[in-house]
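The structure appears below as structure tokens.
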Number of protein chains: 2
Amino acid sequence: MEQSTMTTVLRRERAEAAGKAIPDSDTLRGLGETFKVLGDVTRLKICFALARHELCVGDIAGVVGISESAVSHQLRTMKTMRLVKYRREGKMTYYMLDDVHIDDLIRIGIRHVSER
Amino acid sequence: MEQSTMTTVLRRERAEAAGKAIPDSDTLRGLGETFKVLGDVTRLKICFALARHELCVGDIAGVVGISESAVSHQLRTMKTMRLVKYRREGKMTYYMLDDVHIDDLIRIGIRHVSER
DNA sequence: TCAACACCTGAACAGGTCTTCAGATGAAGT
DNA sequence: ACTTCATCTGAAGACCTGTTCAGGTGTTGA
């Protein structure tokens with residue numbers, strides 16, 4: 001039973017270390033929400049559409065292929081999670097990606113998906 | 001109206017380019033599902049727990065603080081999306097992160113969240 | 001073979017998500 | 001002031017997700 005006991009001790013140590021590796025709940029929640037926002041095909045399309053140039057709501061709707069209302073709803077959540085930012089010019093509102101991280105996340109995500 | 005027409009043409013060109021920047025639907029679906037799997041606090045905790053060492057289901061349940069059944073269900077979806085892989089040893093099953101990308105994604109995600 | 005253990009699975013329920021619809025807001029031009 | 005245009009918003013409904021519960025598989029050691 002010596003080996004089994006030893007293994008148990010090792011496991012307990014690893015489990016303890018693993019527990020400490022988990023961040024605080026605020027970070028976890030923010031991280032989860034960020035990925036959740038990226039975890040939707042419509043919003044991903046919007047991200048790709050905005051990758052090169054800023055676009056207004058109507059154009060996004062046309063490119064992505066859904067109603068302007070749906071786009072507006074999605075942009076609001078993307079704005080809240082700081083995936084996109086916007087710029088107003090008269091009655092138009094131009095949206096663009098918020099920062100580089102979004103681009104990085106998507107690029108790495110693609111690398112993961114395209115492997116194998 | 002000259003300027004307005006010009007702007008419209010510019011916008012149409014940008015919109016057209018934006019449409020081409022959107023990947024095929026298989027890539028989009030895979031990408032979306034990958035992010036969706038990461039978009040859950042429980043699964044993120046599991047990722048952090050597995051970041052250093054492989055762990056068995058019971059230990060993960062203890063560290064994360066949910067039932068073994070819930071862990072098992074989550075691990076299955078994480079396995080399907082290649083977030084984790086496993087190794088059997090007798091009646092134990094040890095789980096670990098599948099590849100480096102997962103670690104990268106989480107690290108960049110944290111950087112995004114912790115900014116501002 | 002039997003019991004104990006580690007893990008897996010299907011069904012079901014609560015809670016959340018995404019789109020649509022109808023209408024509201026606000027800016028620009030007449 | 002009125003109309004048009006671009007965008008936003010709340011409510012509602014269909015759909016999806018994550019956990020629990022109860023029971024299943026398969027391995028180990030007596």
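In the text below, chain A, chain B and the rest are named by the order of the sequence lines, each starting its count at 1. When reading the values below, keep in mind they use all heavy atoms of this one structure, side chains included, and skip hydrogens, waters and symmetry mates.
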query = In this structure, which one of A:Ile106, A:Thr42, A:Leu105 forms a side-chain contact (heavy atoms from CB on, under 4.5 Å) with A:Cys47?
reply = A:Ile106
Which is true for [X] with a 4.0 Å heavy-atom rule: it touches a base, it touches only sugar-phosphate, or it touches nothing?
X       : result
A:Thr93 : sugar-phosphate
B:Tyr94 : nothing
A:Tyr86 : nothing

Mind calculating the distance between [atom1] ([X]) and [atom2] ([N]) to the nearest angstrom?
X       : N      : atom1 : atom2 : value
B:Leu75 : C:dC7  : CG    : C1'   : 10 Å
A:Phe35 : C:dT17 : CZ    : P     : 17 Å
B:Glu68 : C:dC5  : CD    : P     : 12 Å
A:Met92 : C:dA28 : CE    : C1'   : 12 Å
B:Lys79 : C:dT9  : NZ    : C1'   : 11 Å
B:Ile46 : D:dT19 : CD1   : P     : 8 Å
A:Met81 : C:dC18 : CE    : P     : 13 Å
A:Lys45 : C:dT19 : NZ    : P     : 10 Å

note = A:Ser72 has its side chain closest, among D:dC8, C:dT20, D:dG10, to D:dC8
message = To the closest 0.5 Å, what do you measure between CD1 (B:Ile66) and CD1 (B:Ile46)?
response = 5.5 Å
inquiry  = As an exercise, state the distance from CZ of B:Arg88 to OH of B:Tyr95, rounded to the nearest 0.5 Å.
reply    = 8.0 Å
request  = Using a 4.5 Å cut-off on heavy atoms from C-beta on, say whether the side chain of B:Thr77 contacts that of B:Arg43.
outcome  = yes
Quick one: is [X] getting a side-chain N or O under 4.0 Å of the [N] phosphate, OP1 or OP2?
X       : N      : value
A:Gln74 : C:dT19 : yes
B:Arg76 : C:dG10 : yes
B:Tyr95 : C:dA6  : no

Identify the pairs formed between an N or O of the protein and an N or O of nucleotides 26-28 of chain D at a distance under 3.5 Å, and give each distance.
none

task = Assign each of A:Ala70 and A:Lys36 to its nearest nucleotide of DNA chain C by heavy atoms, then name whichever residue's nucleotide is nearer the 5' end.
result = A:Lys36
ask   = Is the ring of A:His73 stacked on the base of C:dC18, with centres less than 5.5 Å apart and planes under 30° off?
value = no
Quick one: closest heavy-atom pair of [X] and [Y], and the distance?
X       : Y       : value
A:Leu44 : B:Leu28 : CD1-O, 3.8 Å
B:Ala61 : B:Val71 : CA-CG2, 3.6 Å
B:Ala49 : B:Val63 : CB-CG1, 4.2 Å
B:Gly30 : B:Met81 : O-CE, 4.0 Å

ask   = What residues in residues 54-61 of chain B put a non-hydrogen atom under 4.0 Å from any atom of DNA chain C?
value = B:Cys56, B:Val57, B:Gly58
message = Tell me whether the count of non-hydrogen atoms from other residues, nucleotides or ligands lying under 6.0 Å of CZ in A:Arg12 goes above 12.
response = no
key: Connected via hydrophobic side-chain network under 4.5 Å: B:Met78 and B:Tyr86   = yes
key: Donor-acceptor pair (no angle test) under 3.5 Å: B:Ser69 side chain, D:dC21 base   = yes
